[in-house]
2 protein chains.
Amino acid sequence: MNSTNGGKKLSIRLDGASGVPFYRQIIQQIEQAILSKRLLPGDRLPTIRSLAIELKINPNTIAKAYNELEIRGIVVTQVGSGTYVSDKEIDMAENERQKKIEESIARFLREMDALGVLKSEIPRLIREFKEEE
Amino acid sequence: MNSTNGGKKLSIRLDGASGVPFYRQIIQQIEQAILSKRLLPGDRLPTIRSLAIELKINPNTIAKAYNELEIRGIVVTQVGSGTYVSDKEIDMAENERQKKIEESIARFLREMDALGVLKSEIPRLIREFKEEE
DNA sequence: AAAATTGTACTATATGAATAGTACAAATGG
DNA sequence: CCATTTGTACTATTCATATAGTACAATTTT
């Protein structure tokens with residue numbers, strides 16, 4: 001399989017103080033890169049080892065991130081060759097996005113309901129919302 | 001201090017399979033009872049021990065819940081006497097509610113933004129949202 | 001076919017959260 | 001005042017999660 005990887009298409013940056021696990025940060029940044037088309041279908045992700053060395057963390061942490069991405073259908077891995085952005089990645093990423101949007105709305109509405117906010121007043125609350133503090 | 005506790009004003013129900021920690025369930029149900037006026041200012045909460053026995057969990061778990069409620073200003077504790085709904089409880093509970101609403105909106109808008117959803121299309125998305133599946 | 005490169009599997013360690021166990025200290029109430 | 005009742009403090013246990021260490025298996029590359 002094509003394993004020529006033309007330089008850094010992806011540069012991951014980890015924040016060890018954020019409290020967010022490394023593997024989650026990796027997943028998120030790769031998803032982001034795909035959504036923003038910096039990564040395209042067929043693109044090869046960095047080797048587990050190379051990324052591990054570059055980020056100075058354990059290879060298994062990268063593997064964990066790649067595995068979760070594979071389960072979601074966003075990437076495809078081939079032992080001995082590498083991990084590649086799935087050909088269907090655009091659809092998957094878009095599906096993920098739709099799903100996330102729906103989940104986010106569902107949770108938000110649940111929270112509002114639990115707090116006794118009527119659905120009818122939600123638009124106004126959002127409209128009037130300003131980043132205070 | 002007045003320690004006459006006229007029977008069960010409060011009946012806590014724990015769900016051990018929900019994944020939500022016991023002390024969080026307790027906090028939430030007490031807050032709920034206050035918001036819905038089933039608990040009024042000055043009302044005495046069940047003794048840490050009595051609740052522990054009733055719910056068959058460790059007294060420290062109740063204590064943890066009561067402590068968090070005290071930190072939030074929702075209840076007041078007096079060693080040797082008991083834990084009481086704060087006189088300012090209504091205000092505090094209402095403040096908490098407002099704060100929660102704002103936090104919930106803030107987070108929701110952040111999520112929508114991260115997902116590339118324009119603020120202008122949010123009302124439509126909410127309006128069209130149906131519990132699917 | 002051999003060597004190198006890739007992801008995988010399994011185990012170990014560290015950490016934090018939740019809960020429990022047990023002893024203590026303060027206030028009440030007769 | 002003394003016994004009881006109340007919340008508190010400290011420690012231990014359990015459990016899940018995140019990360020690391022090390023050896024392995026599949027594929028590629030030459």
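Residue numbering restarts at 1 for every chain, and letters A, B, ... go by the order of the sequence lines.
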query = Which nucleotide in the set D/dT6, D/dA20, C/dT8 lies at the smallest distance from any side-chain heavy atom of B/Val79?
reply = D/dT6

ask   = For B/Thr83 and D/dG7, is the shortest distance between a side-chain N/O and OP1 or OP2 below 4.0 Å?
value = yes

task = State whether A/Thr61 places a side-chain N or O below 4.0 Å from either non-bridging phosphate oxygen (OP1 or OP2) of D/dA20.
result = yes

ask   = Does OP1 or OP2 of D/dA26 have a side-chain N or O of A/Thr77 closer than 4.0 Å?
value = no

ask   = Closer to the 5' end of DNA chain D via nearest nucleotide, is it A/Gly80 or B/Tyr66?
value = B/Tyr66

ask   = Between B/Glu68 and B/Arg24, is there a salt bridge with N-O shorter than 4.0 Å?
value = yes

ask   = Can you check the A/Ile48 CD1 to C/dA4 P distance for me, whole Å?
value = 21 Å

key: Side-chain heavy atoms of B/Leu45 within contact of B/Tyr84, under 4.5 Å   = no

query = Where the side chain of B/Gln78 is concerned, which of C/dG7, C/dT28, D/dT8 is the nearest nucleotide?
reply = C/dT28

ask   = Under 4.0 Å between a side-chain N or O of A/Lys64 and OP1 or OP2 of D/dA18?
value = yes

task = Considering only NZ, NE, NH1 and NH2 on the basic side and carboxylate oxygens on the acidic side, decide whether A/Arg97 and A/Glu31 come within less than 4.0 Å.
result = no

query = Roughly how many Å is it from CD1 in B/Ile62 to P in D/dT5, rounded to a whole number?
reply = 18 Å

query = Is it true that A/Glu128 and A/Arg124 make a salt bridge, defined as a side-chain N closer than 4.0 Å to a carboxylate O?
reply = yes

B/Thr47 and B/Arg49: side chain donor to acceptor below 3.5 Å = no

ask   = Would you call B/Glu111 and B/Arg107 a salt bridge, taking side-chain N to carboxylate O under 4.0 Å as the test?
value = yes

task = Starting at atom CZ of A/Arg49, determine the distance to atom C1' of D/dA23, rounded to an integer number of angstrom.
result = 11 Å

request  = Nearest whole angstrom, please: distance from the P of C/dT19 to the CD1 of B/Ile26.
outcome  = 8 Å

key: Length of the CG-C1' vector between B/Asn58 and D/dC10, whole Å   = 13 Å

query = Whole-Å distance between D/dT19 C1' and A/Asp15 CG?
reply = 16 Å

query = For D/dG7, does either OP1 or OP2 sit under 4.0 Å from a side-chain N or O belonging to B/Asn67?
reply = no

query = Rounded to the nearest Å, what distance is computed from the CD atom of residue A/Glu68 to the C1' atom of nucleotide C/dG7?
reply = 17 Å

inquiry  = Please tell me if B/Ser81 has a side-chain N or O lying less than 4.0 Å from either OP1 or OP2 of C/dT28.
reply    = no

key: Residue-level proximity of residues 16-25 of chain A to DNA chain C when a heavy atom falls under 4.0 Å   = none

task = Calculate the interatomic distance between A/Leu51 atom CG and C/dT5 atom P; express it in whole Å.
result = 17 Å

inquiry  = Do B/Ile30 and B/Tyr66 make a side-chain contact, defined as non-hydrogen atoms from C-beta onward lying under 4.5 Å apart?
reply    = yes

